[in-house]
Structures are given as C-alpha cells and as structure tokens.
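Written below as structure tokens is the structure these notes are about.
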Amino acid sequence: MCFSNLCCIFSLQAEECLRLEEERVDNYLHPSTKLKLLKEVENEVLTKYENDLLQKEHSGCAALLRDDKTDDLARMYRLFSRIPKGLDPIADCFKEHVEGEGMKLVKEVAEAVEAKKEKDSGKPSKDSGTSYEQQYVRQVIELHDKYLTYVGTCFANSSLFHKALKEAFEGFCNKNVAGSTSAELMANFCDNLLKKGGSEKLSDEAIEETLEKVVKLLAYISDKDLFAEFYRKRLARRLLQDKSASDDHERSILTRLKQQCGAQFTSKMEGMVTDLQLAREKQQNFDEWRQRKNKQLPIDMSVTVLTTGFWPTYKSMDLALPAEMVEGIAAFKEFYEDETKHRKLTWVYTQGTAVLKGNFDPKSLELVLSTLQAATLLLFNEGEELSYSEVQERLNLQEEDVTRLLHSLSCAKYQILVKDPQNKVIGKNDKFRLNVKFTDRMKRIKVPLPPTDEKKKVIEDVDKDRRYAIDAAIVRTMKSRKVLQHQQLVLEVVQQLSRMFKPDFKLIKKRIEDLIARDYLERDKDNPQLFKYLA
C-alpha cells in the first residue's frame with residue numbers, strides 16, 4: 001500500500017464497508033436494527049481513527065487540500081458527516097489551509113514590492129499601486145473562487161465550511177500588504193479596471209464579473225470606510241480628468257456596493273456621478289447663454305460645477321490667474337448668478353486642466369497641463385527671465401506649490417523651462433526662462449505634475465470621520481438607554497459600527513471622556529463605571 005494514499009484508500013474501503021453493511025441489513029435483518037448497527041460500524045470504522053487519519057502528514061486532510069484531491073475531500077466529507085462533530089476537524093483544517101495560502105500571497109507580494117523599491121529607489125511611485133499589488137488582488141480573487149468552489153462541490157455548501165472560508169479570508173485580508181491595507185489595494189484594483197488605459201485589458205462581461213468578485217471580497221475587510229474613501233478619491237480623479245472608461249461600469253459597481261454595504265456607503269459616490277451629468281448640462285446652458293449675450297471669450301473654456309458635500313476636500317488657493325482666464329471666469333460667474341440664487345462658487349484650481357499651444361523654434365506643440373502649470377508658463381509669454389520669488393509673487397502661491405510647479409516644468413521629463421543653475425533641485429535664488437529650443441517627437445504631450453501624498457490625507461480624513469461616527473453612536477445609544485454601564489456601552493457602540501470599521505476600544509474610551517467634557521454624558525457619583533445621558 002502506498003503510504004501517500006493511505007487516507008484515500010481507507011476512505012474508499014470505509015465507504016464500501018458502510019455500503020455493504022447497509023445492504024446486509026436491508027437483505028437479512030429487521031429494519032429497526034439498521035440505525036443502531038450502522039452507528040456501531042461508524043464508531044468502529046470512523047470515530048476511532050478520525051484524528052489519526054485526518055492528521056496524516058502525507059495523506060491527511062491537509063495533504064488532500066494541498067494536492068487538490070477534490071474527489072477524496074468530497075468522500076471524506078460524506079463519511080465524517082455521519083458521525084457527531086465529525087466535520088469540525090476538517091473545517092478547522094480547511095480554514096488553516098486557506099489562511100496559509102492567503103498569507104503566502106501576502107508574503108510574496110511584500111518581498112516583490114520590497115525588491116522593486118530597492119531597484120527603483122528615487123523614482124516616484126504610481127498612485128494606482130505596483131503591478132505586484134494589482135496581481136495580489138487578482139490572486140486573492142482566484143483563491144476565493146477556488147475554495148468557494150470547494151465549499152460547493154466537496155463540502156455540499158455546508159454552513160460550517162462557509163464560516164471557515166469567511167474566517168480564513170478575514171484572517172489574511174486584514175493584514176497589511178507591503179505597507180498598504182487590503183482596502184487601499186482593492187480600491188486601486190478597481191481604479192485600474194475602470195479607468196481608460198488601465199493594465200487590465202478585459203471585455204465588458206469580464207469587467208462586470210471581476211467587479212462583482214471584488215465587492216464580495218469587501219465583505220471580509222473590516223475597514224470598509226477606508227476602502228470607501230480611497231475609492232471615492234480614485235473615482236473623483238477618473239470623473240474630473242475624463243479617465244472613466246464606462247459610465248455603465250461606474251454605476252454597476254456602485255449598485256453592487258450599495259447592496260453589500262447599504263445606501264449610506266455609496267450616497268456620496270452616486271452624488272459625484274450625478275454631478276458630472278448635471279455639469280455637462282450646465283456647460284451646454286453656459287454656451288447657449290454666451291451666444292444669446294454675444295459674449296466672445298479669448299479662450300475655449302468649460303466649467304464643471306460640483307456639490308461640495310459629495311466630493312473629497314481639495315486644497316483651496318487664491319491663484320492669480322492670467323488675464324485670459326480671468327475674463328472666462330467672470331463670464332461664467334455672471335451666467336451662474338443669473339441662473340442660480342443663494343449659491344456660492346468656490347474655484348478649485350488644483351483640479352483644472354488646460355491645453356496651451358507652445359510656439360517653439362523647432363516646431364509648435366500642444367501642451368496638456370494642469371491649470372496651475374498653465375498659469376506658470378503664461379508668465380513667460382513675453383520671453384523674459386523670472387526669478388523664483390517673482391514667479392511666486394505673480395502666482396500668489398505658497399512656496400511648496402511654486403516649488404512643485406517649477407520642478408515639473410524645468411527638472412522633470414519635459415524641460416519646457418530652463419533653470420539657472422542647471423540642477424534637479426529648485427532653490428529660492430534660481431532663475432527661469434522659456435526653453436525656446438524645446439521639442440518632442442509627439443505633437444501633443446501631457447506634462448505630469450508630481451502627485452501629493454494622497455494616502456496620508458485619506459487616512460487623516462477617515463480617522464476624523466471615525467471620531468464623529470463613534471460620538472454619534474455613543475450619543476444615540478445613551479439617548480435610548482439613558483443609563484448604561486461602561487462595558488455595555490462599549491459593546492453596543494462596537495456592534496453598531498462594526499459594519500463599517502472595527503472601532504478601537506481606547507478610542508471609544510477617549511470619545512466617552514470627550515462627551516463627558518462637552519456635557520453630553522455624566523458619570524454616576526457612586527459608580528464611576530456607570531454613565532447617564534444628559535438631555
């Protein structure tokens with residue numbers, strides 16, 4: 001007998017033994033003896049040897065899972081489902097195996113990303129994650145597909161094995177992966193699927209199917225609010241920069257997220273998609289208004305009007321715009337005030353784009369820039385040389401913004417400005433002039449602006465929102481209960497919020513103290529562990 005097949009051969013013989021015993025009972029004995037007799041056989045054949053069989057190094061349950069022996073696993077399930085609690089050790093083994101496979105993926109991507117960082121040290125990282133991190137999410141989806149199929153085919157869709165699968169995925173999906181959370185990686189993966197020019201080249205049906213699987217995986221993530229904020233940032237970029245590949249796919253994933261996490265989870269995102277449709281209509285109305293008023297603008301201009309509450313918060317700045325842009329803004333303001341009452345426009349220049357025609361000596365080029373980069377380049381229209389301080393004064397921007405802009409135009413891939421001295425660091429004593437000899441093989445080029453640290457901002461925003469959510473849950477609970485013990489209050493708050501994130505007990509305690517200081521609650525004089533609600 002081959003040692004590696006010991007468990008499989010035993011399972012086959014045990015199944016045959018039980019079948020023959022049932023036949024004998026049916027043929028020769030009274031039906032009333034059947035259950036008692038089979039119970040004895042099950043005890044002798046299965047119960048006595050269960051632990052030894054399941055834990056065999058080369059042929060036990062773990063080995064069958066490792067070697068994908070689906071028929072043998074199904075047979076093992078059928079046999080051990082006959083004895084009380086016979087499936088518990090198999091479910092535990094299944095959970096341990098799946099979690100181990102997941103942790104192996106986490107370790108592999110961490111090592112790959114670390115190796116890539118060492119290789120690419122000094123180069124800026126991409127916002128939508130490295131190819132390894134994208135591949136990690138794809139592998140997690142494949143892992144889930146594989147073992148969900150096991151639960152259906154080998155384990156008869158048993159709730160015990162569904163629970164084991166859920167716990168296994170929760171175990172590794174909430175680990176940090178190469179310095180990022182799974183929530184962030186899943187948001188980046190979706191962004192890559194949904195944006196134009198993403199690395200995932202799939203058919204519409206395949207994209208829909210993949211999105212559905214990502215949303216299913218989201219059920220295992222404890223920080224769903226973090227996913228929502230990262231996803232909202234990526235969605236905003238796709239919509240504002242016209243990078244979304246399909247409105248249908250955007251609405252489809254929002255519908256799935258709404259079904260999975262509730263209407264509140266997607267309300268802002270749905271508002272953003274609706275805003276873009278309304279903005280197109282408003283732009284059309286603006287064009288018609290200009291024709292009626294016979295207003296000619298020196299530049300072609302389109303404006304996207306957004307609802308503040310739906311979109312991420314963007315840095316506001318009092319940019320000194322070039323005269324051509326000022327005229328366009330004044331015209332739109334006049335139109336907007338004619339059409340809308342009691343609403344104030346706040347201009348978000350950081351999200352704008354502009355196309356300039358650059359008349360360089362070798363040839364003319366079209367430059368696709370951010371509004372800030374365009375405003376910077378237009379300062380050099382007269383061909384004069386400007387110092388760092390003169391650029392800052394004319395743009396009316398902070399030093400960090402001016403440094404970032406000048407670096408993108410003089411030290412990066414496209415050196416449209418010549419910097420003196422010629423190095424890669426922007427200094428306050430540097431001087432700049434237009435590079436009249438600038439050229440490129442393309443007729444139209446996009447000049448990138450280095451991204452700011454968006455990840456840090458997202459985490460700060462989520463932490464702030466969590467404090468508000470904990471405060472609201474505490475007040476809501478105390479308002480209905482009036483008097484409550486500390487431990488009971490903490491448990492109820494955790495229960496209320498666990499659908500979106502896993503609250504930290506220390507943070508809940510801190511928020512309780514804050515609410516006491518703000519006279520929402522008070523401690524009982526005789527029992528400091530008892531809180532009372534103050535109406």
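If you read the sequence from its start, that first residue is 1, and numbering goes on from there. For clarity, every value in this text was computed on a predicted model and none was experimentally measured.
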For this session: May I ask you to decide whether D514 forms a salt bridge with R467, counting only side-chain N to carboxylate O separations under 4.0 Å?
Result: no
Problem set entry | Ion pair K419/D430, N-O distance below 4.0 Å | yes
Exercise. Does the cation-pi check pass for R238 over Y231, that is, NZ or CZ under 6.0 Å from the six-membered ring centre and within 45° of its axis?
Worked result: yes
Exercise. Under a 4.5 Å cut-off applied to non-hydrogen side-chain atoms, are K293 and F335 in contact?
Worked result: no
For this session: Flag this pair as yes if the NZ/CZ of R290 is under 6.0 angstrom from the six-membered ring centre of F286 and inside a 45 degree cone about the axis; otherwise no.
Result: yes
For this session: Would you confirm whether E513, through its side chain, and K510, through its main-chain N or O, come within 3.5 Å as a donor-acceptor pair?
Result: no
Exercise. For K315, does the NZ atom have more than 12 heavy-atom neighbours from other residues, nucleotides or ligands under 6.0 Å away?
Worked result: yes
Exercise. Heavy-atom count around E385 CD within 6.0 Å, excluding the residue itself: above 12?
Worked result: yes
Exercise. Judged by atom type as modelled, is there a donor-acceptor pair below 3.5 Å linking the side chain of Q283 to the main-chain atoms of V303?
Worked result: yes
Exercise. Just wondering, more than 12 heavy atoms not from Q264 lying within 6.0 Å of its CD?
Worked result: no
Exercise. Would a line drawn from the ring center of F169 to the ring center of F172 be shorter than 6.0 Å?
Worked result: yes
Exercise. Are any of the side-chain nitrogens in E184 or K455 under 4.0 Å away from the carboxylate oxygens of its partner?
Worked result: yes
For this session: Indicate yes or no for a side-chain donor-acceptor contact from H144 to the backbone of K216 under 3.5 Å, with no hydrogens or angles considered.
Result: no
Problem set entry | Short N-O contact, D420 and R433, less than 4.0 angstrom | no
For this session: Identify whether the distance between the nearest side-chain nitrogen and carboxylate oxygen of D225 and R466 falls below 4.0 Å.
Result: yes
Problem set entry | E208 bridged to R256 by N-O distance under 4.0 Å | yes
Exercise. Quick one: does S182's side chain have a donor or acceptor within less than 3.5 Å of a partner on C173's backbone?
Worked result: yes
Exercise. Thinking salt bridges, do E108 and K104 make one under a 4.0 Å N-O criterion?
Worked result: no
Exercise. Short question: side chain of S498, backbone of Q495 - any donor-acceptor pair under 3.5 Å?
Worked result: yes
